[in-house]
Amino acid sequence: MTPAPFQPVRELAALVRTRQVSPVELATACLERLERLGPRYNAVVTLTPERALAAARRAEAEVAAGRYRGPLHGIPYGAKDLLAVAGYPTTWGAAPLRSQAFDVDATAIRRLDEAGAVLCAKLAMVELAGGMGYRQPRAAFTGPGVNPWSDAAWSGGSSSGSGSAVGAGLVPFALGSETWGSILSPAACCGVCGLRPTYGRVSRHGAMALSWTLDKIGPLGLTADDLGLVLDAIAGPDPADPTASARAFRYEAEDGGRRFRFGVLRGATDGAEDEVKQRFTEALAVLETLGSVEEVALPDLPWETAIRTILQVEAQSALEDLVESGRIGELTAPEDRVLPHARDAILARDYVKALRVRGVMQREADRVLAGLDALVAPGRVAVAPPIDREFRSVLGGAARDLMGAVGNGAGLPAVAVPSGVGARELPTSLQFMGRAWEENTILAAARAYQARTGWHRRHPPGAAS
Amino acid sequence: MPGVSDAQRDEILALLALIRARYGARLDPAALAEIEHAVAASVAAAHALRQVRLDNADGPSPSFVPFRAEP
C-alpha cells in the first residue's frame with residue numbers, strides 16, 4: 001500500500017502498527033517527495049537518505065517482531081537545519097556555515113530516534129534563525145521559502161522549510177524552533193499546526209543558540225493531536241541542557257469533552273488584515289460552543305521593546321564570532337550584513353532593565369492566564385507576505401505583536417492551527433496560548449476546535465503531486 | 001534626526017562613534033546610514049524602558065541559579 005501525503009501521524013501510526021504500511025515504503029515516499037518537490041519550495045537543505053532508510057528498515061524489523069515502540073515508530077520527519085545531526089552538515093541557514101558539521105545529534109533528534117521516528121531531511125530556515133534583523137524573505141542561502149499555497153507568497157520563518165514541507169505534504173511532521181514567532185509564523189503562513197512549548201520543556205542541546213533565554217524547540221504537523229504525540233517524545237530533562245526542566249510531560253490525548261474558558265487580549269487584533277479579523281470573529285463563535293470567551297487586558301508597558309532588546313543583545317553575544325570576524329558579510333540578506341553592528345550600542349543597563357521588565361511581564365501574564373485555559377488570538381495579523389517585498393511595506397507588517405512578545409518573553413506555550421482563508425486565498429490561523437507547562441490544556445482546546453472545523457484537512461491543490 | 005531630542009541625538013552620535021571605531025573600516029556610507037537608523041531605534045527603545053518604574057526588588061528574569069556539577 002502506497003501511503004498518501006497529508007495523512008496525520010496518528011493515522012499513519014495505526015497503519016504501521018498493523019503492518020498495512022511499511023516504514024521503508026513511508027520513508028521512500030517521503031524521500032522521493034522531498035527530492036522532487038523540495039526545490040519547488042526551497043524547503044530542503046540536506047536529504048538524509050542513508051540514515052532514513054537504515055532507521056526505516058530497523059523500524060520495520062522491530063514492528064514485525066512485535067517490538068512496537070509507539071506512535072512515532074517508523075514515521076518520517078524533517079528537522080530545521082539548526083539541529084545538529086552527526087554525519088551531515090548543519091548550516092544554520094547561513095552561507096558562511098555551509099560546511100559546518102557536528103559529531104553529535106541534538107537531544108531532540110536523539111529522542112525522536114529513540115521513539116523510532118525516521119529523519120529524512122534537514123529543512124531550510126532563515127539564516128541564523130532570523131536573528132540578524134532580516135526584513136524580507138530572501139534571507140537564506142537556499143532561497144526564500146516558497147509557500148505551498150502560492151509561489152508568490154513566503155512560507156514564513158524562520159522555520160521556513162519546516163512549515164512548507166509539512167504544508168506541501170512532503171513529511172507528516174517537522175521540528176522547528178522559535179525565539180519570537182519562528183514556529184507559529186510558518187505554521188500560520190503554510191496552513192499547518194505548530195506548537196511552541198513552554199521555555200525549558202524541550203532540551204536545546206545541539207541546537208543553534210540565538211537567545212539563551214528565549215529559544216524553544218517544537219513541532220509542526222497536520223493536527224494538534226500530532227503535535228502532542230511529538231512533544232511527548234522530545235520533552236523532558238537533559239543533563240546536557242541545564243535550562244531543560246525536570247518537570248515530566250506526558251501527552252493526554254483525551255480530555256473528556258471538558259468546557260474551556262478563553263480570553264482575548266485587548267489589542268490582540270490591532271493592525272490585523274480585515275479577512276484575518278473576520279476569520280477570528282468566526283473562530284470565536286466556534287470557541288463559544290466550547291466554553292466561554294471574555295476580553296482581558298495587560299498593563300500598558302513596552303513589552304515588545306523589552307523582548308526585542310533581550311533578543312538583540314543575546315543574539316549579538318551568541319553570534320559574536322561571525323560579527324567580529326566580518327563573516328556576516330557573507331550572509332544572503334543585505335540588511336543581515338549590516339544591522340548587527342548597531343547592537344553594540346545597546347547598553348548593559350538597558351539589557352538588565354529589559355530583563356526586569358520581563359519579570360513584571362511574567363507575573364502579569366500569569367495573573368491574566370490564571371483564570372483562563374487559554375488566551376486566543378490570530379496566529380498572525382496578516383496572511384503570508386508576498387515573497388518579493390519587504391515585510392514593513394505590506395499591511396500588518398508594522399503591526400504590534402503583543403501575543404508574540406508576551407508569549408515568548410514569559411516563556412509560555414502556544415499552539416497555532418489553521419482557521420480559514422484570508423487575502424489572496426492564503427491560510428489564516430488561530431493561536432491558543434496557555435500558562436507555563438499547560439501544553440495539554442492548549443492542545444485539548446485546539447483539538448476541540450479542530451473537531452468542529454475542517455480547516456486542518458484543507459491542503460494546497462497539487463502541492464504534493 | 002527629525003523628532004529626536006537633543007539629549008537623544010547626543011547619545012545616538014556617541015554610540016555611532018563607538019560603532020565607527022569598532023567596525024568603521026568595513027562600513028560604507030550606506031551601511032552607516034542604516035546603522036544610524038538602527039541605533040536611533042535602540043536609543044528610543046532604551047528611553048521607553050527607562051520610563052518603566054520598577055521596585056528595587058523587581059529583579060531580572062531569568063534569575064541567577066548557582067551551578068554544581070552532578071555528582
Side-chain angles (χ1 to χ4, degrees), chain A residues 132-133 135 199-200 212-214 237 239 242-243 299-314 316 323-329 334-363 365 409-411, chain B residues 1 3-71:
Chain A
M132 307 311 248
R135 296 192 295 232
Y199 175 86
W212 297 281
T213 71
L214 289 167
T243 67
D300 187 20
L301 288 174
W303 307 122
E304 289 107 321
T305 298
I307 302 311
R308 192 171 297 115
T309 299
I310 293 166
L311 198 168
Q312 291 185 351
V313 172
E314 294 189 8
Q316 186 75 342
V323 177
E324 295 285 333
S325 68
R327 296 191 73 198
I328 58 168
E335 61 272 24
D336 284 350
R337 303 172 200 153
V338 171
L339 292 174
H341 298 101
R343 296 173 180 177
D344 278 23
I346 301 174
L347 302 180
R349 166 194 163 179
D350 298 318
Y351 171 68
V352 174
K353 184 67 176 280
L355 291 174
R356 295 175 67 202
V357 170
R358 180 189 210 174
V360 177
M361 173 199 288
Q362 287 184 295
R363 293 193 292 277
Chain B
M1 297 180 201
V4 173
S5 70
D6 287 349
Q8 285 195 24
R9 190 185 62 240
D10 290 348
E11 194 175 340
I12 291 165
L13 292 174
L15 291 167
L16 270 174
L18 167 75
I19 292 165
R20 274 202 198 91
R22 288 185 179 168
Y23 306 112
R26 67 167 84 143
L27 298 170
D28 62 20
L32 282 167
E34 275 218 65
I35 286 171
E36 183 175 323
H37 283 295
V39 170
S42 293
V43 168
H47 279 255
L49 287 170
R50 290 171 198 171
Q51 298 303 312
V52 180
R53 301 267 60 95
L54 298 176
D55 293 334
N56 173 259
D58 286 327
S61 174
S63 52
F64 176 76
V65 178
F67 174 76
R68 177 170 164 163
E70 300 292 340

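Numbers restart at 1 for each chain; the letters A, B, ... are given by sequence-line order, proteins then strands. On a predicted model such as this, the values are computed, not experimentally measured, just so you know.
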Comparing B/Gly59, B/Ala44, B/Ala48, B/Ala14 against chain A, the one with the most heavy-atom pairs below 4.5 Å turns out to be B/Gly59

Report yes if some heavy atom in the side chain of A/Leu355 is under 4.5 Å from a heavy atom in the side chain of B/Ser61; otherwise report no. no

Stepwise, does the salt bridge (charged side-chain N to carboxylate O under 4.0 Å, His left out) test hold for A/Arg135 with B/Glu34? CA-CA 13 Å; A/Arg135 296 192 295 232; B/Glu34 275 218 65; 2.8 Å; yes

Per-residue contact mode, A/Gln312 against chain B (heavy atom under 4.5 angstrom): side chain

Interchain contact, B/Leu18 with chain A, by part (heavy-atom threshold 4.5 Å): side chain

Nearest 0.5 Å please: distance from the CZ atom of B/Arg50 over to the NZ atom of A/Lys353. 8.5 Å

Which atoms of B/Asp55 come close to chain A, meaning under 4.5 Å heavy atom to heavy atom: side chain ones, backbone ones, both, or neither? backbone

Applying side-chain contact (heavy atoms from CB on, under 4.5 Å) between B/Ser42 and each of A/Asp344, A/Leu347, A/Ile346, report the one that passes. A/Ile346

Counting heavy-atom pairs under 4.5 angstrom with chain B, the leader among A/Glu335, A/Met361, A/Gln362, A/Arg349 is A/Arg349

Under 4.5 Å from a heavy atom of chain B, the part of A/Val357 involved: both

Any chance you could lay out the side chain to side chain contact (heavy atoms under 4.5 Å, CB included) test for B/Leu49 and A/Thr305, step after step, and finish with the verdict? CA-CA 7 Å; B/Leu49 287 170; A/Thr305 298; 4.0 Å; yes

Is B/Arg26 in contact with chain A via its backbone, its side chain, both, or neither, using a 4.5 Å heavy-atom distance? side chain

Do B/Arg22 and A/His341 have side-chain atoms, one donor and one acceptor, less than 3.5 Å apart? no

Counting heavy-atom pairs closer than 4.5 Å to chain B, which one of A/Ala342, A/Pro242, A/Ala410, A/Gly411 comes out on top? A/Ala342

Heavy-atom contact with chain B under 4.5 Å, split by part of A/Arg308: neither

Heavy-atom pairs under 4.5 Å with chain A - which of B/Leu16, B/Ile19, B/Ile12 has more of them than the others? B/Ile19

Please determine whether the number of non-hydrogen atoms from other residues, nucleotides or ligands lying under 6.0 Å from atom CG of B/Asp28 exceeds 12. yes

Heavy-atom distance under 4.5 Å to chain A: side chain of B/Leu27, backbone, both or neither? side chain

Under 4.5 Å, counting heavy-atom pairs only, tell me which of B/Val39, B/Asp58, B/Leu32 racks up the most with chain A. B/Asp58

Non-hydrogen atoms of chain B under 4.5 Å away: do they reach the side chain of A/Arg343, the backbone, both or neither? neither

Can you tell if the side chain of B/Ile35 reaches within under 4.5 Å of the side chain of A/Val338, non-hydrogen atoms only? yes

Any non-hydrogen side-chain atom of A/Arg356 less than 4.5 Å from a side-chain atom of B/Val52? no

If you tally heavy-atom pairs under 4.5 Å between each of B/Ala41, B/Pro60, B/Ala46, B/Ala38 and chain A, the highest tally belongs to B/Pro60

